[in-house]
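When reading the values below, keep in mind they use all heavy atoms of this one structure, side chains included, and skip hydrogens, waters and symmetry mates.
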Amino acid sequence: MARLADATPIILPTLICDNFLLDPEVLESKISEKSRLLILCSPSNPTGSVYPKKLLEKIAEIVAKHPRLLVLSDEIYEHIIYAPATHTSFASLPGMWERTLTVNGFSKAFAMTGWRLGYIAGPKHFVAACNKIQSQSTSGASSIAQKAGVAALGLGYAGGEAISTMVKAFRERRDFLVKSFGELEGVKISEPQGAFYLFIDFSSYYGIEAEGFGKIKNSESLCRYFLDKAQVALVPGDAFGDDSCIRISYAASLTTLQAAFERIKKALISLRPAVPV
């Protein structure tokens, strides 16, 4: 999207040992006079990481030093979060309302993935500029989706009891997967605090020759291996800029996830880590 707008994206690396959270010092070292937009995603896809308020405050202090820098805060997973983690909207921080474009939607927390109903919040002049482009590129949201959105908002704060019940189910699935994958040899894992993804480091298996398949070179080939040998579909980490990891979604029933894990575990039996972890 940045390149479509004739901008140059600067990718800031994060580490699994830091729960994939952005280091403010790295951010500050990369910002220049040409910087125009900082994109944040919390709770995060693909890592499930949640930015604590103190870290966001440090980022806000850096943003405040650069008057021409705006923040795009993707908060679509805000209601899918696991205590003790809490969600802080970046625009709520001192001095950040006028600098922040908050994007959100109904697809995740309210399971309205097919209706594609989203929204943006920010200063009127920025939203008006967005409307000029959006109105020429996509048609209006359907009346059915809009009615569903009104019903979703009527459930109460953070989606009320319905969303609370769903989040409890997500947490149960997360806990099962974190425990199960954490017991596998050669696997590094960061426990997600929100959303419904695990971003797991399987890189110790790279370089191994799998019988009847070939060499596992990277996240893409390991995903193909799991698809071929275990009939489990996963997403390669290189799609998110980290080829050492694979994304697993746990937006599925616990029984499905249990079966998927057993298939992955079985597919790994013949493999051994290429390097110690």
For side-chain contact (heavy atoms from CB on, under 4.5 Å), just list the numbers for Leu198 and Ile189, CA-CA rounded to whole Å, side-chain angles, deciding distance to a tenth of an Å, and then say yes or no. CA-CA 8 Å; Leu198 287 179; Ile189 191 167; 4.2 Å; yes
Going by distance alone, is a donor N or O of one side chain under 3.5 Å from an acceptor N or O of the other, for Glu211 and Ser270? no
Would Ser253 and Thr255 count as having a side-chain donor-acceptor pair, cut-off 3.5 Å? yes
Can you measure from [atom1] ([X]) to [atom2] ([Y]) and round to the nearest 0.5 angstrom?
{"X": "Met96", "Y": "Ser89", "atom1": "CE", "atom2": "OG", "value": "12.5 Å"}
{"X": "Ile76", "Y": "Asn45", "atom1": "CD1", "atom2": "CG", "value": "9.5 Å"}
{"X": "Ile144", "Y": "Leu117", "atom1": "CD1", "atom2": "CG", "value": "12.0 Å"}

Taking the side chain from [X] and the backbone from [Y], do they hold a donor-acceptor pair closer than 3.5 Å?
{"X": "Gln146", "Y": "Ala141", "value": "yes"}
{"X": "Tyr197", "Y": "Ala251", "value": "no"}
{"X": "Gln258", "Y": "Leu177", "value": "no"}
{"X": "Ser135", "Y": "Asn131", "value": "yes"}
{"X": "Arg247", "Y": "Val235", "value": "no"}
{"X": "Ser180", "Y": "Phe176", "value": "yes"}
{"X": "Arg3", "Y": "Thr8", "value": "no"}
{"X": "Asp238", "Y": "Gly241", "value": "no"}

Measure the shortest side-chain to side-chain distance between [X] and [Y] over non-hydrogen atoms and say whether it is less than 4.5 angstrom.
{"X": "Leu234", "Y": "Ile264", "answer": "yes"}
{"X": "Tyr225", "Y": "Tyr205", "answer": "no"}
{"X": "Lys53", "Y": "Leu93", "answer": "yes"}
{"X": "Leu21", "Y": "Thr14", "answer": "no"}
{"X": "Cys223", "Y": "Phe226", "answer": "no"}
{"X": "Pro43", "Y": "Ile80", "answer": "no"}
{"X": "Cys245", "Y": "Phe20", "answer": "yes"}
{"X": "Ile216", "Y": "Glu209", "answer": "no"}

Group every Ile, Leu, Val, Met, Phe, Trp and Tyr by side-chain heavy-atom contacts under 4.5 Å, then state whether Leu56 and Ile31 land in the same group. yes
Show the nearest heavy-atom pair for residues [X] and [Y], with the distance to one decimal.
{"X": "Leu69", "Y": "Arg99", "value": "O-NH2, 2.8 Å"}
{"X": "Thr47", "Y": "Ser44", "value": "OG1-OG, 3.1 Å"}
{"X": "Phe126", "Y": "Glu98", "value": "CE1-O, 3.9 Å"}
{"X": "Tyr51", "Y": "Ser42", "value": "N-OG, 2.9 Å"}
{"X": "Asp243", "Y": "Ser219", "value": "OD1-OG, 2.5 Å"}
{"X": "Gly194", "Y": "Val50", "value": "N-CG2, 3.6 Å"}

Is the distance between the ring centroids of Tyr82 and Phe170 under 6.0 Å? no
Does CD belonging to Glu183 count more than 12 external heavy atoms closer than 6.0 Å? yes
Inspect the surroundings of CZ in Arg116 and state if more than 12 heavy atoms from other residues, nucleotides or ligands are less than 6.0 Å away. no
Residues Glu220 and Arg224 bridged, charged N to O under 4.0 Å: yes
Are Lys65 and Glu28 close enough for a salt bridge, meaning some N to O gap below 4.0 Å? yes
Linking Ile, Leu, Val, Met, Phe, Trp and Tyr by side-chain heavy atoms under 4.5 Å, what else ends up with Leu4? none
Of Ile39, Thr100, Leu37, the one forming a side-chain contact (heavy atoms from CB on, under 4.5 Å) with Leu70 is Leu37
Would Glu172 and Lys168 count as a salt bridge (Lys or Arg N to Asp or Glu O under 4.0 Å) if you check the C-alpha gap in whole Å, the side-chain angles of each, and the deciding distance to 0.1 Å? CA-CA 6 Å; Glu172 181 183 13; Lys168 288 179 181 177; over 6 Å; no
